[in-house]
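One structure is given below, encoded as structure tokens.
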Amino acid sequence: MYQSETEMMVQGIDVEKVRNDFPLLTRTVYGKPLVYFDNAATSQKPTAVLDALEDYYRLYNSNVHRGVHSLSQEATEAYEGARKKVATFINAKKAEEIIFTRGTTESINLVAASFAKKFLKEGDVVLISAMEHHSNIVPWQMVCAEKGATLQVIAMNEFGELLMDDFARKLTCNVKIVSVTYVSNSLGTINPVGEIIRQAHEKNIPVLVDAAQAVVHLPIDVQALDADFLAFSGHKIYGPTGLGILYGKEEWLNALPPYQGGGEMIKTVSFEKTTYNELPYKFEAGTPDVAGAIGLGAAIDYVEQLGRDNVFSAEDELLAYAMRALQAVKGLRIVGPLSNRVGSISFLLENFHPFDVGEILDKQGIAVRTGHHCTQPVMDFFNIPGTVRASLAFYNTKAEIDKLVAGLEKARMLLG
Amino acid sequence: MSINELQDELIEEFAFFTDWMEKYELIIQLGKELPLIDEQFKTDDNIIRGCQSRVWLHPEFREGHMFFSADSDALITKGLVAMIVRVLSGHTPKEIVEADVYFIDKIGLRNHLSPTRSNGLLSMLKQMKLYAVAFQAQSLQH
């Protein structure tokens, strides 16, 4: 086992103290203290977020934008305040460039559907990568099938790293949009999205960045990246489920036709003709998830209060410790890169089925994810049924990683 | 032995252990006794839906009785499959259709196995009963 004496204070984060901010972390599973390593699927929520949700429903619940009464104005201010917080958090030029959706999946579906409606035609190409989550594959497959366009895939190597020369080769003038993940949810790879965007822009091709995993572990600056679209989910960054973000450059969002029709997204409606509302409301049909947005705003405040740099460096140290500890486990094989990674660690133990390992870890109170992690093509590439995935958050401890290692030894005893 | 006697026998075997590790050891051990499916039947058609690990199941009908062979790529799943096969194999379609499979609950497996696993177990049971219904209908026609 590795020493855990530096546990208490990692780069400005007092782990024991921050753990108190997350009530769920105190619970037990099968009578054992919960060790939560499924953060890439969803993160736990701090009290600040839970309080914000409860305050909204208890004190000023009402529909936004339309009411003249005080409650509605309070709710609207909080809702629009959350939009501003998100804009600042990812350094968007304007709050209007932030669209509230149901999650990363809906954000990508929105862009795919609206972009295809106007810009995609027969013979065109949509370029994605070999390590995309199903939610960044299927929406594009659907619109490609509808329009007679082709989906092409940037290849990766056996370490789960994108082949940039393959990207350059496939970036032909037929490509109408590139859609890639910043960080792989199953492999943990950090992709060179800045370079991908630079090369695509040289040919005037827009790029959508799936930042579902990246937003929790890396500083996101959409202007520095020069991303045309960027999508993430609130629940992975300590906010509530059901609320996602689509960032789009103003000129792109103005160019796209609306996704869904209904209330909120219109300016005037008659039976003959409807004129659409301006950004961001053009893309927010119906009563939005007001509570979700306010909750995400509280989550962002919480992270900013801790300090993003503090959070990221605590995670870096934890990840380095976990990688060392896991690589020292006999018969354990990391699936994915050994460096330039963040968040998720996918691995296989001996030739045991990931489900067997996951099941035995669960019995010891250790929550990991097993299976294909919604990236079946990645598993096919490595010719494996799935992996065991431990994904870290800043509130995890080195002692928990030691427990994971001990848990794996127990799995070996049972399955070997 | 009847289906219920076989179930009670399994329940008794498990009652002996209180520690989850020992129970799992037994499950894995039972998996080794599973009549393995012939490679030619290990096809996509014979895969049980609802299992996150892969389970193949093949039924045979001989002299009025049904016999199951199966396999799984995960050891714990294979053990669970083996238990159901041990309880239901060698009985008539009528007995299988009418069987009340209570041992899963009694052993506490429905609660203690992860939901995806448990669902797989239940969909396998459903599939075995469907086969039994089909053989029952077939034998009525003859």
Side-chain angles (χ1 to χ4, degrees), chain A residues 28-38 41-42 134 186 331 346-376 379-380 382-390 403 406-416, chain B residues 14 17-34 36-37 42-44 46-57 70-84 104 107-124:
Chain A
T28 56
V29 176
Y30 302 112
K32 299 181 177 80
L34 167 72
V35 175
Y36 187 75
F37 281 143
D38 197 16
T42 198
H134 294 165
S186 51
S346 255
F347 60 87
L348 290 167
L349 182 62
E350 307 285 356
N351 54 357
F352 306 146
H353 197 287
F355 282 108
D356 286 328
V357 178
E359 186 96 20
I360 291 166
L361 290 176
D362 176 54
K363 277 285 173 297
Q364 302 172 76
I366 303 167
V368 294
R369 185 74 172 264
T370 61
H372 54 62
H373 320 298
C374 292
T375 55
Q376 282 181 19
M379 301 304 135
D380 292 344
F382 288 105
N383 195 24
I384 50 179
T387 67
V388 182
R389 184 187 73 180
K403 280 189 189 175
L408 290 170
E409 291 302 340
K410 222 163 202 178
R412 181 206 312 287
M413 266 164 53
L414 266 170
L415 299 169
Chain B
F14 272 89
F17 301 112
T18 47
D19 181 60
W20 70 267
M21 286 267 292
E22 291 171 335
K23 287 190 184 183
Y24 270 68
E25 267 173 47
L26 179 58
I27 295 173
I28 293 165
Q29 188 55 40
L30 289 169
K32 293 174 184 157
E33 295 163 18
L34 173 70
L36 280 188
I37 189 168
K42 244 181 166 176
T43 59
D44 282 355
N46 285 330
I47 288 187
I48 305 290
R49 305 279 155 209
C51 295
Q52 284 207 25
S53 46
R54 287 189 295 178
V55 173
W56 297 267
L57 176 73
D71 200 3
S72 172
D73 52 358
L75 287 180
I76 296 171
T77 312
K78 194 171 164 181
L80 300 170
V81 168
M83 284 192 267
I84 300 186
I104 300 174
I107 294 176
L109 288 181
R110 199 202 287 261
N111 296 336
H112 284 88
L113 292 169
S114 56
T116 47
R117 267 266 163 71
S118 197
N119 292 339
L121 212 59
L122 295 176
S123 32
M124 182 174 123

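In what follows, every chain begins at residue 1, and chains take the letters A, B, ... in the order their sequences are listed.
Not counting sequence neighbours, the partners of A/Glu409 by the salt bridge (charged side-chain N to carboxylate O under 4.0 Å, His left out) test are A/Arg412. Partners of A/Gln376 by side-chain hydrogen bond (donor to acceptor under 3.5 Å, both in side chains), not counting sequence neighbours, listed by chain and number: A/His372.
B/Met21 has its side chain out of reach of A/Lys363: every pair of non-hydrogen atoms, C-beta onward, lies at least 4.5 Å apart. Taking 4.5 Å as the limit, every side-chain heavy atom of B/Leu75 sits out of range of all side-chain heavy atoms of A/Phe355.
One finds the CD atom of A/Glu359 at 9.5 Å from the CH2 atom of B/Trp20 (value rounded to the nearest 0.5 Å). Note that CD1 of B/Ile28 is 5.0 Å distant from CG of A/Leu415, once rounded to the nearest 0.5 Å.
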Query - Working for side chain to side chain contact (heavy atoms under 4.5 Å, CB included), residues B/Ile76 and A/Ile360 - result: CA-CA 9 Å; B/Ile76 296 171; A/Ile360 291 166; 4.0 Å; yes
